[in-house]
Amino acid sequence: MNPEPEGKIVVTEAEMSFEEFLAWADEDTHAEWVGGKVVPKMPTSRLHQRCNGFLYRMVAAWLDHHPVAEVLPPPFLIRLTAPDGRLILREPDLTVVLNEHLDRLTEQYLEGAPDLIVEIVSAGRRAIDRGEKFYEYEAVGVPEYWVIDPERRQAEFAQLNPQGIYQVVYSGSEGVYHSKVLPDFWLRVEWLWQQPPLPHILREWGLM
C-alpha cells in the first residue's frame with residue numbers, strides 16, 4: 001500500500017522500496033523509512049519547534065564564525081546501513097556534517113553517518129529517541145548524539161568512545177557542555193530552556 005501523496009499526510013505505516021520512498025517524498029514530507037516501511041513523524045509541539053529553531057540558529061551562528069561544517073534542519077534525511085545490512089532513512093531534528101564529509105551529501109539525503117545528530121524528544125517518543133535511535137546511531141558510528149527534552153528540561157550528550165560505544169558524558173538541565181565533534185564549540189545547557197537572544201550567546205563566545 002502506498003500513502004496518498006496529496007498533503008503528504010501519512011496516517012499509517014506503508015510498505016514501499018527505498019526508491020519508491022525517495023520518489024514519493026518531497027520537502028513537505030515528514031516521515032522516516034525503516035525496515036521497508038514508511039514511519040510517519042507526528043506533528044510536533046510549539047515547545048519542540050521553538051527548541052529546534054533555537055538550536056539551529058545557535059549552531060548556525062557558531063558555524064558562521066567557524067566554518068568547519070554544515071548544519072541541516074528537518075526535513076532532511078540520512079541514509080544509514082545497519083550492521084545487519086538493513087537500510088534505514090531517518091530525519092533528525094538537526095544534522096551536522098563536517099566539511100571533510102560533505103561529499104556524502106546528495107540532493108535528497110546524506111549517504112552514511114553524519115558527524116553529529118540532535119533529536120528533540122516529543123511526548124510519546126522518548127523510548128525511540130533514547131532507546132531505538134540511541135543504539136542505531138551508535139551502531140552506524142555517529143560520533144556525537146544529543147537528546148534534548150524541552151518538556152522535562154533535560155539534556156543528554158553522548159559521544160562514541162574508542163570502542164565504538166556511546167558514553168553519556170553529560171546529563172542534566174544546566175551546566176556547560178563541550179562538543180567533541182565541533183572544535184571549541186560549547187553551550188550552557190540552560191540556554192536550551194531560556195533561549196536568550198543570539199547576540200548574548202555570541203558575546204559569551206567572544207564573537208561580538
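The first residue of the sequence shown is numbered 1, and numbering continues consecutively from there.
Applying the salt bridge (Lys or Arg N to Asp or Glu O under 4.0 Å) rule to pairs touching residues 50-62 yields nothing, sequence neighbours excluded. Applying the salt bridge (Lys or Arg N to Asp or Glu O under 4.0 Å) test to every pair with at least one member in residues 145-168, sequence neighbours left out, gives these pairs: R126-D149, R126-E151, R130-D149, R130-E156. Applying the salt bridge (Lys or Arg N to Asp or Glu O under 4.0 Å) test to every pair with at least one member in residues 170-196, sequence neighbours left out, gives these pairs: R188-E204. A ring-ring contact (aromatic ring centres under 6.0 Å, His included) check over residues 74-106, counting only residues at least two apart or in different chains, returns nothing.
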**Message:** side chain to side chain contact (heavy atoms under 4.5 Å, CB included), that's the test. Do T81 and V140 meet it? Break it down for me.
**Reply:** CA-CA 7 Å; T81 303; V140 299; over 6 Å; no
**Request:** Apply the test side chain to side chain contact (heavy atoms under 4.5 Å, CB included) to residues L94 and L72: give CA-CA distance (whole Å), side-chain angles for both, the deciding distance (0.1 Å), then the verdict.
**Result:** CA-CA 6 Å; L94 215 62; L72 299 158; over 6 Å; no
**Prompt:** So L55 and W146, side chain to side chain contact (heavy atoms under 4.5 Å, CB included) or not? Walk me through it.
**Reply:** CA-CA 11 Å; L55 258 174; W146 305 357; 4.0 Å; yes
**Working for side chain to side chain contact (heavy atoms under 4.5 Å, CB included), residues V189 and S173** = CA-CA 6 Å; V189 177; S173 60; 5.6 Å; no
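In this structure, the side chain to side chain donor-acceptor pair (under 3.5 Å) partners of D84, at least two apart in sequence or on a different chain, are R86. Residues satisfying the side chain to side chain donor-acceptor pair (under 3.5 Å) criterion with Y177, sequence neighbours excluded, are E144, Q159.
Separation of atoms NE2 (H178) and CZ (F157) is listed at 11.5 Å; rounding is to 0.5 Å. Annotation: the span from N52 atom CG to I120 atom CD1 amounts to 3.5 Å, rounded to 0.5 Å. With values rounded to the nearest 0.5 angstrom, M58 atom CE is found 5.5 Å from I201 atom CD1. Interatomic distance, CD1 of I78 versus CG of L105, reported as 11.5 Å (0.5 Å rounding). Remark: R90 CZ to L80 CG distance equals 8.5 Å, nearest 0.5 Å.
The minimum heavy-atom distance between A69 and V96, with the atom names listed, is CB-CG1, 3.8 Å. Scanning all heavy atoms of the two residues, the minimum distance from P196 to F54 falls at O-CE1, 3.5 Å.
Side-chain atoms of Q108 and L77, non-hydrogen and from C-beta on, never get closer than 4.5 Å to each other. At a threshold of 4.5 Å between non-hydrogen side-chain atoms, the residues L87 and R79 count as touching. In this structure, the side chains of E138 and I165 come closer than 4.5 Å at one or more pairs of heavy atoms. I148 is not listed as a side-chain neighbour of V121, based on a closest heavy-atom distance of 4.5 Å or more.
D115 places no side-chain N or O within 3.5 Å of a backbone atom of V181 that could act as its donor or acceptor partner. Of the possible donor and acceptor atoms, one in the side chain of N99 sits under 3.5 Å from a partner among the backbone N and O of P67.
Taking the six-membered ring for Trp and the full ring otherwise, W205 and F185 have centroids separated by under 6.0 Å. Aromatic ring centres of W186 and W62 lie farther apart than the 6.0 Å criterion allows.
When hydrophobic clusters are built by joining Ile, Leu, Val, Met, Phe, Trp and Tyr residues whose side-chain heavy atoms come closer than 4.5 Å, directly or via intermediates, Y56 is grouped together with L207.
Just one residue in the list Y137, Y170, Y135 forms a ring-ring contact (aromatic ring centres under 6.0 Å, His included) with Y145, and that residue is Y137.
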